[in-house]
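Everything on this sheet refers to the single structure shown next.
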Amino acid sequence: MVSAGDTLEALAARAGVPAEDILEVNGLASAEEIVPGRLLFLLAPSGEASGAGELAVVIARDGGPPLRWPLGVGVVVSSPFGVRGGRPHEGIDLAAPTGTPVFAAADGSVAYAGNGIRGYGNIVVIRHAAAVLTVYAHNSVVLVSRGQPVRAGDRIALVGQSGRATGPHLHFEVRVGEIATNPLPMLPEIPR
Ligand SMILES: [Zn+2]
């Protein structure tokens, strides 16, 4: 979140990334759109510890985590983000019984709702500010339709095992400027 007095140059220097990258990743036309209270995604330079050209997302934490959990209490991360069996796993898997409500992780609008993406089953994609997409896959039921505005915490689907899934779970992705990104740093502590 941008604090009073922050400038694009100061944010870029603090994050160690070029100012133009901050504008591009956040879909901003100019530095004038960087105002206090605005949530920004700052992509750290690739090639350090994480390897594989993966981009880490650094978020100014002043306002707390930008996303809420897409499931309620008792969230179980059954498979983490990263390489799994030699292939990238582009989200996290959250185990939950079929029919468990799935919530929008932040305000936005429904960019896609349907079953047209191979392997994902019944899927919802929500477009948020700052070029961020969240993806909710393997649902038994989808409760929203394309173009619909949603608020953080709205029910958007019910957990299932549609598509390529070995049991009921939610596959949850965060994409920043189309790049699949580990959701965990953007989420609060796991609710108990
Ligand atoms: Zn998954």
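In each ligand, atom 1 is the first atom listed, and ligand 1 is the first ligand listed. Given the structure is predicted, the values throughout are model-derived calculations rather than measurements. Residue numbers count from 1 along this sequence.
Put simply, the angle at the Zn ion (ligand 1) from NE2 in H89 to OD1 in D93 is close to 100°, to the nearest 10°.
Coordination check, E90 versus the Zn ion (ligand 1): failed, since every N/O/S atom of the residue sits at 2.8 Å or beyond. Among the atoms of H138, no N, O or S atom falls under 2.8 Å of the Zn ion (ligand 1).
A distance below 6.0 Å separates the ring centres of H171 and Y120.
At distances below 3.5 Å, not a single donor-acceptor pair connects side-chain atoms of T100 with backbone N or O atoms of V159. R155 contributes no side-chain N or O that, together with a main-chain N or O of P101, makes up a donor-acceptor pair within less than 3.5 Å.
Atoms OG1 and CZ, from T181 and F81 in turn, are 6.0 Å apart once rounded to the nearest 0.5 Å.
Within H171, the N/O/S atom positioned nearest the Zn ion (ligand 1) carries the name ND1.
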